[in-house]
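A quick write-up on the structure given underneath.
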There are 2 protein chains.
Amino acid sequence: MVHYKLTYFLSRGLADVSRQLFHLAGVEFEDERLNRDQFLERKDTFPFKQVPVLTVDGLEIPQSMAIARYLARKFGFSGATPEEQAMVDAFVDQFKDFYSEIHDYFYAKLGINQLDGDEQKTKVLIPARDKFLALLVSFLKKSKSGFLVDSGLTFADLIIIDNMTTLINWQPEYADGYPEILAWRDRVMNYPKLKEWIEKRPVTMA
Amino acid sequence: MVHYKLTYFLSRGLADVSRQLFHLAGVEFEDERLNRDQFLERKDTFPFKQVPVLTVDGLEIPQSMAIARYLARKFGFSGATPEEQAMVDAFVDQFKDFYSEIHDYFYAKLGINQLDGDEQKTKVLIPARDKFLALLVSFLKKSKSGFLVDSGLTFADLIIIDNMTTLINWQPEYADGYPEILAWRDRVMNYPKLKEWIEKRPVTMA
(Lines give C-alpha, C1' and ligand atoms only; values in the text may rest on other atoms or scores of the structure.)
Protein backbone atom coordinates (compact mmCIF):
# COMPACT_ATOMS: atom_id res chain seq x y z
CA MET A 1 0.00 0.00 0.00
CA VAL A 2 1.19 3.50 -0.84
CA HIS A 3 2.26 5.53 2.19
CA TYR A 4 1.10 9.15 2.04
CA LYS A 5 2.30 11.86 4.40
CA LEU A 6 1.04 15.44 4.19
CA THR A 7 3.25 17.95 5.99
CA TYR A 8 1.91 21.41 6.79
CA PHE A 9 1.23 23.86 9.62
CA LEU A 10 -1.50 23.44 12.24
CA SER A 11 -3.95 25.51 10.16
CA ARG A 12 -6.21 24.67 7.20
CA GLY A 13 -4.42 27.21 5.02
CA LEU A 14 -3.12 25.78 1.77
CA ALA A 15 -3.33 22.12 2.81
CA ASP A 16 -6.76 21.30 4.15
CA VAL A 17 -8.12 20.67 0.66
CA SER A 18 -5.64 17.81 0.29
CA ARG A 19 -6.69 16.47 3.71
CA GLN A 20 -10.31 16.74 2.50
CA LEU A 21 -9.50 14.74 -0.64
CA PHE A 22 -8.02 11.91 1.47
CA HIS A 23 -11.19 11.88 3.58
CA LEU A 24 -13.48 11.98 0.55
CA ALA A 25 -11.62 9.02 -0.95
CA GLY A 26 -11.41 7.13 2.35
CA VAL A 27 -7.64 6.81 1.95
CA GLU A 28 -5.38 6.81 5.02
CA PHE A 29 -2.58 9.36 5.30
CA GLU A 30 -0.21 10.70 7.90
CA ASP A 31 -1.42 14.21 8.81
CA GLU A 32 1.85 15.81 9.95
CA ARG A 33 1.36 19.28 11.45
CA LEU A 34 4.31 21.51 12.31
CA ASN A 35 4.48 24.51 14.59
CA ARG A 36 6.58 27.51 13.52
CA ASP A 37 9.79 26.26 15.19
CA GLN A 38 9.49 22.76 13.78
CA PHE A 39 8.94 24.24 10.33
CA LEU A 40 11.96 26.54 10.56
CA GLU A 41 14.12 23.67 11.70
CA ARG A 42 13.18 21.60 8.64
CA LYS A 43 12.62 24.41 6.09
CA ASP A 44 15.82 23.83 4.12
CA THR A 45 15.13 20.13 3.73
CA PHE A 46 11.85 20.69 1.80
CA PRO A 47 12.10 20.64 -2.03
CA PHE A 48 10.92 24.26 -2.43
CA LYS A 49 11.80 25.24 1.19
CA GLN A 50 8.10 25.56 1.99
CA VAL A 51 5.04 23.54 2.96
CA PRO A 52 2.71 21.84 2.15
CA VAL A 53 4.71 18.84 1.01
CA LEU A 54 3.08 15.54 0.10
CA THR A 55 5.38 12.54 0.52
CA VAL A 56 4.34 9.57 -1.64
CA ASP A 57 6.45 6.52 -0.84
CA GLY A 58 9.46 8.76 -0.27
CA LEU A 59 8.94 11.18 -3.20
CA GLU A 60 8.32 14.73 -1.94
CA ILE A 61 5.84 16.80 -3.96
CA PRO A 62 5.63 20.54 -3.14
CA GLN A 63 3.05 23.26 -3.97
CA SER A 64 -0.50 23.06 -2.64
CA MET A 65 -2.37 23.13 -5.95
CA ALA A 66 -0.07 20.55 -7.55
CA ILE A 67 -0.62 18.27 -4.55
CA ALA A 68 -4.39 18.77 -4.62
CA ARG A 69 -4.55 18.16 -8.38
CA TYR A 70 -2.45 14.97 -8.02
CA LEU A 71 -4.79 13.59 -5.33
CA ALA A 72 -7.93 14.79 -7.12
CA ARG A 73 -6.91 13.01 -10.33
CA LYS A 74 -6.12 9.87 -8.39
CA PHE A 75 -9.36 9.91 -6.38
CA GLY A 76 -11.77 11.12 -9.09
CA PHE A 77 -12.34 14.75 -8.09
CA SER A 78 -10.65 16.51 -11.02
CA GLY A 79 -13.40 16.53 -13.69
CA ALA A 80 -14.73 13.83 -16.00
CA THR A 81 -13.05 14.60 -19.34
CA PRO A 82 -9.79 16.30 -20.40
CA GLU A 83 -11.86 19.38 -21.32
CA GLU A 84 -13.63 19.46 -17.95
CA GLN A 85 -10.27 18.96 -16.19
CA ALA A 86 -8.98 22.00 -18.10
CA MET A 87 -11.96 24.04 -16.87
CA VAL A 88 -11.34 22.84 -13.30
CA ASP A 89 -7.68 23.88 -13.64
CA ALA A 90 -8.82 27.24 -15.01
CA PHE A 91 -10.98 27.86 -11.90
CA VAL A 92 -8.04 26.90 -9.69
CA ASP A 93 -5.72 29.32 -11.49
CA GLN A 94 -8.35 32.03 -11.37
CA PHE A 95 -8.56 31.44 -7.61
CA LYS A 96 -4.75 31.68 -7.42
CA ASP A 97 -4.97 35.07 -9.18
CA PHE A 98 -7.71 36.16 -6.76
CA TYR A 99 -5.56 35.02 -3.83
CA SER A 100 -2.63 37.09 -5.16
CA GLU A 101 -4.91 40.10 -5.53
CA ILE A 102 -6.07 39.89 -1.90
CA HIS A 103 -2.56 39.10 -0.61
CA ASP A 104 -2.16 42.36 1.35
CA TYR A 105 -5.53 41.87 3.07
CA PHE A 106 -4.94 38.19 3.81
CA TYR A 107 -1.47 38.71 5.25
CA ALA A 108 -2.71 41.67 7.31
CA LYS A 109 -5.37 39.45 8.89
CA LEU A 110 -2.81 36.69 9.51
CA GLY A 111 -0.52 39.27 11.15
CA ILE A 112 2.27 38.57 8.66
CA ASN A 113 2.45 42.12 7.30
CA GLN A 114 2.00 45.42 9.15
CA LEU A 115 -0.91 46.73 7.06
CA ASP A 116 -4.32 47.64 8.43
CA GLY A 117 -6.82 44.85 7.80
CA ASP A 118 -9.85 47.16 7.55
CA GLU A 119 -8.11 49.43 5.08
CA GLN A 120 -7.01 46.46 2.96
CA LYS A 121 -10.54 45.07 3.10
CA THR A 122 -11.83 48.16 1.30
CA LYS A 123 -8.81 48.54 -0.94
CA VAL A 124 -8.24 44.98 -2.18
CA LEU A 125 -10.69 42.41 -0.77
CA ILE A 126 -14.01 43.95 -1.79
CA PRO A 127 -13.09 44.80 -5.41
CA ALA A 128 -11.45 41.37 -5.89
CA ARG A 129 -14.47 39.64 -4.33
CA ASP A 130 -16.96 41.46 -6.55
CA LYS A 131 -15.07 40.43 -9.67
CA PHE A 132 -14.37 36.84 -8.62
CA LEU A 133 -17.76 35.91 -7.18
CA ALA A 134 -19.65 37.40 -10.15
CA LEU A 135 -17.57 35.21 -12.44
CA LEU A 136 -18.27 32.09 -10.36
CA VAL A 137 -22.01 32.88 -10.28
CA SER A 138 -22.09 32.99 -14.09
CA PHE A 139 -20.82 29.39 -14.15
CA LEU A 140 -22.91 28.11 -11.22
CA LYS A 141 -26.06 29.35 -12.96
CA LYS A 142 -25.30 27.15 -15.96
CA SER A 143 -24.03 24.10 -14.05
CA LYS A 144 -26.02 20.85 -14.19
CA SER A 145 -24.56 19.57 -10.90
CA GLY A 146 -24.70 22.63 -8.65
CA PHE A 147 -20.89 22.56 -8.52
CA LEU A 148 -18.50 24.46 -10.79
CA VAL A 149 -18.51 21.81 -13.51
CA ASP A 150 -21.34 19.59 -14.71
CA SER A 151 -19.96 16.22 -13.58
CA GLY A 152 -19.98 17.11 -9.87
CA LEU A 153 -17.70 18.10 -6.99
CA THR A 154 -14.02 18.77 -7.84
CA PHE A 155 -10.97 20.14 -6.06
CA ALA A 156 -11.76 23.57 -7.56
CA ASP A 157 -14.95 23.73 -5.47
CA LEU A 158 -13.01 22.57 -2.41
CA ILE A 159 -10.19 25.11 -2.80
CA ILE A 160 -12.43 28.12 -3.31
CA ILE A 161 -14.90 27.17 -0.58
CA ASP A 162 -12.25 26.37 2.03
CA ASN A 163 -10.60 29.73 1.43
CA MET A 164 -14.05 31.37 1.65
CA THR A 165 -14.53 29.79 5.08
CA THR A 166 -11.49 31.79 6.24
CA LEU A 167 -12.78 34.99 4.64
CA ILE A 168 -16.19 34.47 6.29
CA ASN A 169 -14.51 33.80 9.65
CA TRP A 170 -12.91 37.25 9.31
CA GLN A 171 -15.84 39.01 7.56
CA PRO A 172 -19.09 37.19 8.33
CA GLU A 173 -20.96 39.32 5.74
CA TYR A 174 -18.44 38.41 3.00
CA ALA A 175 -20.83 36.61 0.61
CA ASP A 176 -24.16 38.06 1.81
CA GLY A 177 -25.02 39.69 -1.50
CA TYR A 178 -24.41 36.47 -3.41
CA PRO A 179 -27.23 33.92 -2.84
CA GLU A 180 -25.91 31.51 -5.52
CA ILE A 181 -22.52 31.49 -3.80
CA LEU A 182 -24.05 30.83 -0.37
CA ALA A 183 -26.18 27.98 -1.77
CA TRP A 184 -23.10 26.50 -3.48
CA ARG A 185 -21.12 26.79 -0.23
CA ASP A 186 -23.86 24.89 1.64
CA ARG A 187 -23.87 22.22 -1.06
CA VAL A 188 -20.11 21.71 -0.79
CA MET A 189 -19.98 21.78 3.01
CA ASN A 190 -22.86 19.31 3.28
CA TYR A 191 -21.34 16.84 0.83
CA PRO A 192 -21.63 13.71 3.02
CA LYS A 193 -18.02 12.66 3.58
CA LEU A 194 -16.79 16.24 3.60
CA LYS A 195 -19.30 17.24 6.29
CA GLU A 196 -17.91 14.42 8.44
CA TRP A 197 -14.35 15.81 8.10
CA ILE A 198 -15.43 19.41 8.68
CA GLU A 199 -17.10 18.31 11.92
CA LYS A 200 -14.05 16.51 13.23
CA ARG A 201 -11.13 18.62 11.96
CA PRO A 202 -9.34 20.96 14.36
CA VAL A 203 -11.13 24.34 14.37
CA THR A 204 -8.84 27.11 13.14
CA MET A 205 -9.63 30.61 11.83
CA ALA A 206 -7.54 30.15 8.68
CA MET B 1 -10.63 16.74 -36.86
CA VAL B 2 -10.70 18.93 -33.76
CA HIS B 3 -10.64 22.65 -34.50
CA TYR B 4 -8.39 24.61 -32.13
CA LYS B 5 -8.32 28.39 -31.90
CA LEU B 6 -5.99 30.24 -29.54
CA THR B 7 -7.00 33.84 -28.90
CA TYR B 8 -4.51 36.26 -27.38
CA PHE B 9 -2.70 39.56 -27.92
CA LEU B 10 0.05 40.13 -30.48
CA SER B 11 2.75 39.33 -27.90
CA ARG B 12 4.22 36.06 -26.58
CA GLY B 13 3.07 36.91 -23.04
CA LEU B 14 0.98 34.22 -21.43
CA ALA B 15 0.11 32.38 -24.66
CA ASP B 16 3.23 31.60 -26.63
CA VAL B 17 3.84 28.40 -24.66
CA SER B 18 0.54 27.05 -25.98
CA ARG B 19 1.51 28.08 -29.51
CA GLN B 20 4.83 26.28 -28.91
CA LEU B 21 3.01 23.11 -27.83
CA PHE B 22 0.98 23.10 -31.07
CA HIS B 23 4.20 23.45 -33.07
CA LEU B 24 6.00 20.74 -31.06
CA ALA B 25 3.08 18.38 -31.69
CA GLY B 26 2.68 19.35 -35.34
CA VAL B 27 -1.00 20.11 -34.76
CA GLU B 28 -2.70 22.90 -36.70
CA PHE B 29 -4.45 25.71 -34.88
CA GLU B 30 -5.89 29.12 -35.58
CA ASP B 31 -3.49 31.68 -34.08
CA GLU B 32 -5.88 34.58 -33.42
CA ARG B 33 -4.09 37.75 -32.28
CA LEU B 34 -6.00 40.78 -31.05
CA ASN B 35 -4.89 44.37 -30.70
CA ARG B 36 -6.00 46.35 -27.67
CA ASP B 37 -9.19 47.67 -29.31
CA GLN B 38 -10.26 44.29 -30.63
CA PHE B 39 -9.71 42.81 -27.18
CA LEU B 40 -11.75 45.50 -25.42
CA GLU B 41 -14.57 45.03 -27.91
CA ARG B 42 -14.77 41.29 -27.14
CA LYS B 43 -13.64 41.32 -23.48
CA ASP B 44 -17.09 40.66 -21.98
CA THR B 45 -17.69 37.68 -24.25
CA PHE B 46 -14.70 35.72 -22.89
CA PRO B 47 -15.44 33.22 -20.07
CA PHE B 48 -13.19 34.99 -17.52
CA LYS B 49 -13.24 38.34 -19.42
CA GLN B 50 -9.57 37.88 -20.28
CA VAL B 51 -7.23 36.16 -22.73
CA PRO B 52 -5.71 33.73 -23.58
CA VAL B 53 -8.71 31.61 -24.47
CA LEU B 54 -8.41 28.26 -26.21
CA THR B 55 -11.48 27.28 -28.22
CA VAL B 56 -11.77 23.51 -28.72
CA ASP B 57 -14.64 22.68 -31.07
CA GLY B 58 -16.65 25.56 -29.60
CA LEU B 59 -15.74 25.07 -25.91
CA GLU B 60 -13.83 28.07 -24.57
CA ILE B 61 -11.09 27.32 -22.02
CA PRO B 62 -9.56 30.30 -20.16
CA GLN B 63 -6.36 30.71 -18.07
CA SER B 64 -2.93 30.32 -19.65
CA MET B 65 -1.59 27.54 -17.41
CA ALA B 66 -4.80 25.50 -17.65
CA ILE B 67 -4.65 25.78 -21.45
CA ALA B 68 -0.96 24.84 -21.57
CA ARG B 69 -1.50 21.87 -19.23
CA TYR B 70 -4.45 20.67 -21.34
CA LEU B 71 -2.39 20.76 -24.53
CA ALA B 72 0.72 19.35 -22.83
CA ARG B 73 -1.23 16.35 -21.51
CA LYS B 74 -2.76 15.80 -24.93
CA PHE B 75 0.56 16.09 -26.80
CA GLY B 76 2.88 14.32 -24.32
CA PHE B 77 4.72 17.23 -22.71
CA SER B 78 3.34 17.02 -19.18
CA GLY B 79 5.56 14.35 -17.55
CA ALA B 80 5.62 10.57 -17.83
CA THR B 81 3.86 9.41 -14.64
CA PRO B 82 1.24 10.93 -12.29
CA GLU B 83 4.06 11.71 -9.84
CA GLU B 84 6.18 13.42 -12.51
CA GLN B 85 3.10 15.34 -13.68
CA ALA B 86 2.64 16.54 -10.10
CA MET B 87 6.27 17.75 -10.03
CA VAL B 88 5.75 19.52 -13.37
CA ASP B 89 2.62 21.18 -11.96
CA ALA B 90 4.62 22.17 -8.85
CA PHE B 91 7.24 23.94 -11.01
CA VAL B 92 4.47 25.72 -12.90
CA ASP B 93 2.85 26.92 -9.67
CA GLN B 94 6.22 27.96 -8.29
CA PHE B 95 6.69 29.99 -11.47
CA LYS B 96 3.24 31.52 -10.97
CA ASP B 97 4.32 32.56 -7.44
CA PHE B 98 7.57 34.00 -8.85
CA TYR B 99 5.57 35.89 -11.49
CA SER B 100 3.33 37.36 -8.76
CA GLU B 101 6.40 38.39 -6.78
CA ILE B 102 7.89 40.28 -9.75
CA HIS B 103 4.51 41.76 -10.77
CA ASP B 104 5.46 45.37 -9.99
CA TYR B 105 8.69 45.08 -12.01
CA PHE B 106 7.00 43.29 -14.92
CA TYR B 107 4.11 45.74 -15.18
CA ALA B 108 6.52 48.70 -14.89
CA LYS B 109 8.49 47.38 -17.89
CA LEU B 110 5.27 46.78 -19.83
CA GLY B 111 4.20 50.35 -19.03
CA ILE B 112 1.02 49.13 -17.29
CA ASN B 113 1.84 50.68 -13.91
CA GLN B 114 3.58 53.98 -13.14
CA LEU B 115 6.46 52.52 -11.10
CA ASP B 116 10.14 52.94 -11.97
CA GLY B 117 11.49 49.81 -13.69
CA ASP B 118 15.04 50.21 -12.36
CA GLU B 119 13.83 50.65 -8.81
CA GLN B 120 11.54 47.61 -9.08
CA LYS B 121 14.41 45.61 -10.56
CA THR B 122 16.40 46.07 -7.36
CA LYS B 123 13.41 45.84 -5.08
CA VAL B 124 11.55 42.81 -6.44
CA LEU B 125 13.17 41.22 -9.51
CA ILE B 126 16.65 40.48 -8.18
CA PRO B 127 15.61 38.95 -4.81
CA ALA B 128 12.88 36.85 -6.51
CA ARG B 129 15.36 35.74 -9.22
CA ASP B 130 17.99 34.68 -6.71
CA LYS B 131 15.50 32.53 -4.85
CA PHE B 132 13.78 31.05 -7.91
CA LEU B 133 16.84 30.27 -10.03
CA ALA B 134 18.71 28.67 -7.11
CA LEU B 135 15.75 26.36 -6.61
CA LEU B 136 15.64 25.42 -10.30
CA VAL B 137 19.41 24.78 -10.32
CA SER B 138 19.04 22.30 -7.46
CA PHE B 139 16.66 20.24 -9.65
CA LEU B 140 18.57 20.65 -12.92
CA LYS B 141 21.72 19.30 -11.24
CA LYS B 142 19.89 16.07 -10.39
CA SER B 143 17.94 15.72 -13.65
CA LYS B 144 18.73 12.80 -15.97
CA SER B 145 17.36 14.60 -19.04
CA GLY B 146 18.79 18.11 -18.69
CA PHE B 147 15.21 19.39 -18.34
CA LEU B 148 13.30 19.95 -15.09
CA VAL B 149 12.10 16.36 -14.84
CA ASP B 150 13.87 13.13 -15.81
CA SER B 151 11.64 12.07 -18.70
CA GLY B 152 12.40 15.13 -20.84
CA LEU B 153 10.96 18.46 -22.00
CA THR B 154 7.64 19.54 -20.46
CA PHE B 155 5.46 22.64 -20.44
CA ALA B 156 7.13 23.69 -17.16
CA ASP B 157 10.45 24.15 -19.02
CA LEU B 158 8.63 26.04 -21.78
CA ILE B 159 6.77 28.41 -19.45
CA ILE B 160 9.79 29.36 -17.35
CA ILE B 161 12.15 29.73 -20.31
CA ASP B 162 9.74 31.78 -22.42
CA ASN B 163 9.22 34.19 -19.53
CA MET B 164 13.01 34.31 -19.05
CA THR B 165 13.38 35.38 -22.70
CA THR B 166 11.35 38.47 -21.82
CA LEU B 167 13.41 39.14 -18.68
CA ILE B 168 16.63 38.77 -20.70
CA ASN B 169 15.28 41.11 -23.39
CA TRP B 170 14.87 43.71 -20.64
CA GLN B 171 17.96 42.78 -18.56
CA PRO B 172 20.51 41.00 -20.76
CA GLU B 173 22.62 40.10 -17.70
CA TYR B 174 19.62 38.50 -15.95
CA ALA B 175 20.96 34.92 -15.70
CA ASP B 176 24.70 35.58 -16.05
CA GLY B 177 25.62 34.23 -12.64
CA TYR B 178 23.73 30.98 -13.31
CA PRO B 179 25.60 28.73 -15.79
CA GLU B 180 23.24 25.76 -15.26
CA ILE B 181 20.28 27.99 -16.09
CA LEU B 182 21.93 29.33 -19.25
CA ALA B 183 22.81 25.79 -20.39
CA TRP B 184 19.23 24.66 -19.72
CA ARG B 185 17.89 27.66 -21.65
CA ASP B 186 20.08 26.73 -24.65
CA ARG B 187 18.85 23.15 -24.45
CA VAL B 188 15.20 24.23 -24.48
CA MET B 189 15.61 26.83 -27.21
CA ASN B 190 17.52 24.41 -29.43
CA TYR B 191 14.97 21.63 -29.07
CA PRO B 192 14.49 20.89 -32.79
CA LYS B 193 10.84 21.74 -33.43
CA LEU B 194 10.88 24.56 -30.90
CA LYS B 195 13.90 26.20 -32.54
CA GLU B 196 11.97 26.20 -35.82
CA TRP B 197 9.04 28.05 -34.19
CA ILE B 198 11.30 30.50 -32.35
CA GLU B 199 12.92 31.39 -35.69
CA LYS B 200 9.65 32.03 -37.45
CA ARG B 201 7.45 33.55 -34.74
CA PRO B 202 6.85 37.32 -34.71
CA VAL B 203 9.64 39.02 -32.72
CA THR B 204 8.22 40.80 -29.66
CA MET B 205 9.94 42.03 -26.47
CA ALA B 206 7.44 40.30 -24.19
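Throughout, a chain's letter reflects where its sequence line sits, starting with A, and its residues are numbered from 1.
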Next on the checklist: Quick one, Gln63(A) and Asp97(B) - any side-chain contact, counting heavy atoms below 4.5 Å?
Outcome noted: yes
Next on the checklist: Counting neighbours of NZ on Lys142(A) that are heavy atoms of other residues, nucleotides or ligands and sit closer than 6.0 Å, is the number greater than 12?
Outcome noted: yes
Next on the checklist: With a 4.5 angstrom heavy-atom cut-off, is it the side chain or the backbone of Ile61(A) that approaches chain B, or both, or neither?
Outcome noted: both
Checklist entry - What's the spacing between Met65(A) CE and Asp93(B) CG if we round to 0.5 Å? => result 7.0 Å
Next on the checklist: Heavy-atom pairs under 4.5 Å with chain B: which of Glu60(A), Glu83(A), Met87(A) has the most?
Outcome noted: Glu83(A)
Checklist entry - Would you say Lys74(A) has more than 12 foreign heavy atoms packed within less than 6.0 Å of its NZ? => result yes
Checklist entry - In terms of heavy-atom contacts, does CD of Gln114(B) have more than 12 from other residues, nucleotides or ligands at under 6.0 Å? => result no
Checklist outcome for this item: From the list Ala66(B), Ser100(B), Ala90(B), the residue making the most non-hydrogen contacts under 4.5 Å with chain A is Ala90(B)
Item to check | Heavy-atom contacts under 4.5 Å, residues 2-36 of chain B to chain A | outcome: none
Item to check | From CG (Leu59(A)) to OG1 (Thr81(B)), nearest 0.5 Å | outcome: 8.0 Å
Checklist entry - Which pair of non-hydrogen atoms, one from Pro82(A) and one from Tyr70(B), has the smallest distance, and what is that distance? => result O-CD1, 3.5 Å
Next on the checklist: For chain B, which candidate among Gln50(A), Lys49(A), Gln85(A) shows the most heavy-atom pairs at distances under 4.5 Å?
Outcome noted: Gln50(A)
Checklist entry - For the residue pair Phe91(A) and Phe48(B), does the interplanar ring angle fall in the parallel (under 30°), tilted (30 to 60°) or perpendicular (over 60°) class? => result tilted
